[in-house]
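This report refers to the structure that appears directly beneath it.
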Amino acid sequence: MNEIRLQVKRARRRLVIQQFLSIVTWCLFVFLLLAAIGVAIPKIWPITVKPEIWLWSWVGGSLGVALIVASTWTYLVRRQAQFAAMELDKRFGLRERIASSLYLSEQESQSEFGKALLQDAERRVARLNISEQFRIALHWWNMLPIVPTAIIVVVALLIVDATERK
């Protein structure tokens with residue numbers, strides 16, 4: 001049973017990491033867009049803060065907030081062990097052996113059927129290569145934060161502050 005729980009834990013960890021990558025992508029995109037707006041403010045209206053402090057406050061703040069929001073969001077909606085067990089069964093074609101073995105009560109696991117199920121599940125799960133079926137992959141949308149980053153660079157480097165125009 002320990003091998004089953006270990007493999008389920010590995011699968012769950014990879015599912016949560018993949019979930020975090022998706023969430024952090026969107027958080028970075030949104031908060032960097034807000035930072036781009038913030039960086040553009042002194043280009044339109046004069047402000048009394050040094051331009052470097054203003055720029056790095058917006059960029060650093062947006063990165064920090066995006067990571068905190070993504071981490072919290074991922075923690076709140078993370079995949080549970082039951083989901084990981086069902087995904088193991090599905091991706092490796094194990095016909096619900098892993099999920100069923102995790103849900104057995106103490107009495108059921110002591111029965112002849114329960115022992116056979118646990119033994120079969122242990123034997124099958126020992127041969128699984130979790131990283132093969134639970135790959136951590138990047139997709140095209142993981143590049144979305146590049147767009148607001150480019151906007152920030154263009155606004156910060158190419159547009160003159162309103163205080164310098166006077």
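- Of all the heavy atoms in Ala85 and Ala99, the pair that sits closest is CB-CA, 4.0 Å.
- The salt bridge (charged side-chain N to carboxylate O under 4.0 Å, His left out) test applied to Arg79 returns no partner, not counting sequence neighbours.
- The closest side-chain heavy-atom distance from Phe31 to Leu63 is not below 4.5 Å.
- With sequence neighbours excluded, no residue forms a side-chain hydrogen bond (donor to acceptor under 3.5 Å, both in side chains) with Arg95.
- Among pairs with a residue in residues 69-94, none fulfils ring pair (Phe, Tyr, Trp, His ring centres under 6.0 Å), at least two apart in sequence or across chains.
- Considering only heavy atoms from C-beta on, Leu55 comes within 4.5 Å of Ile152 through its side chain.
- A donor-acceptor contact shorter than 3.5 Å is absent between the side chain of Glu3 and the backbone of Ala126.
- Judged as a salt bridge (charged side-chain N to carboxylate O under 4.0 Å, His left out), not a single pair has a partner in residues 12-35 (not counting sequence neighbours).
- Counted within 6.0 Å of CD on Glu112, heavy atoms from surrounding residues, nucleotides or ligands total 12 or fewer; the atom is thus considered open.
- Applying the side-chain hydrogen bond (donor to acceptor under 3.5 Å, both in side chains) test to pairs two or more places apart or on separate chains, those with a residue in residues 135-159 are Thr25-Asn142.
- Through direct or relayed side-chain contacts under 4.5 Å between Ile, Leu, Val, Met, Phe, Trp and Tyr, Ile17 connects to Leu21, Ile136, Leu138.
- Clustering of Ile, Leu, Val, Met, Phe, Trp and Tyr side chains at separations under 4.5 Å places Met143 together with Ile146.
- Listed by first then second residue, pairs satisfying side-chain hydrogen bond (donor to acceptor under 3.5 Å, both in side chains) with a partner in residues 80-94 read Glu87-Arg91, not counting sequence neighbours.
- With sequence neighbours excluded, no residue forms a salt bridge (charged side-chain N to carboxylate O under 4.0 Å, His left out) with Arg10.
- With sequence neighbours excluded, no residue satisfies side-chain hydrogen bond (donor to acceptor under 3.5 Å, both in side chains) with Ser71.
- Contacts of Val153 classified as side chain to side chain contact (heavy atoms under 4.5 Å, CB included), with partners at least two apart in sequence or in another chain: Leu157.
- Residues satisfying the side chain to side chain contact (heavy atoms under 4.5 Å, CB included) test with Val24, not counting sequence neighbours, are Phe20, Leu28, Leu67, Ala70.
- Across every non-hydrogen atom of Leu118 and Ile4, the tightest pair is O-CD1, 4.3 Å.
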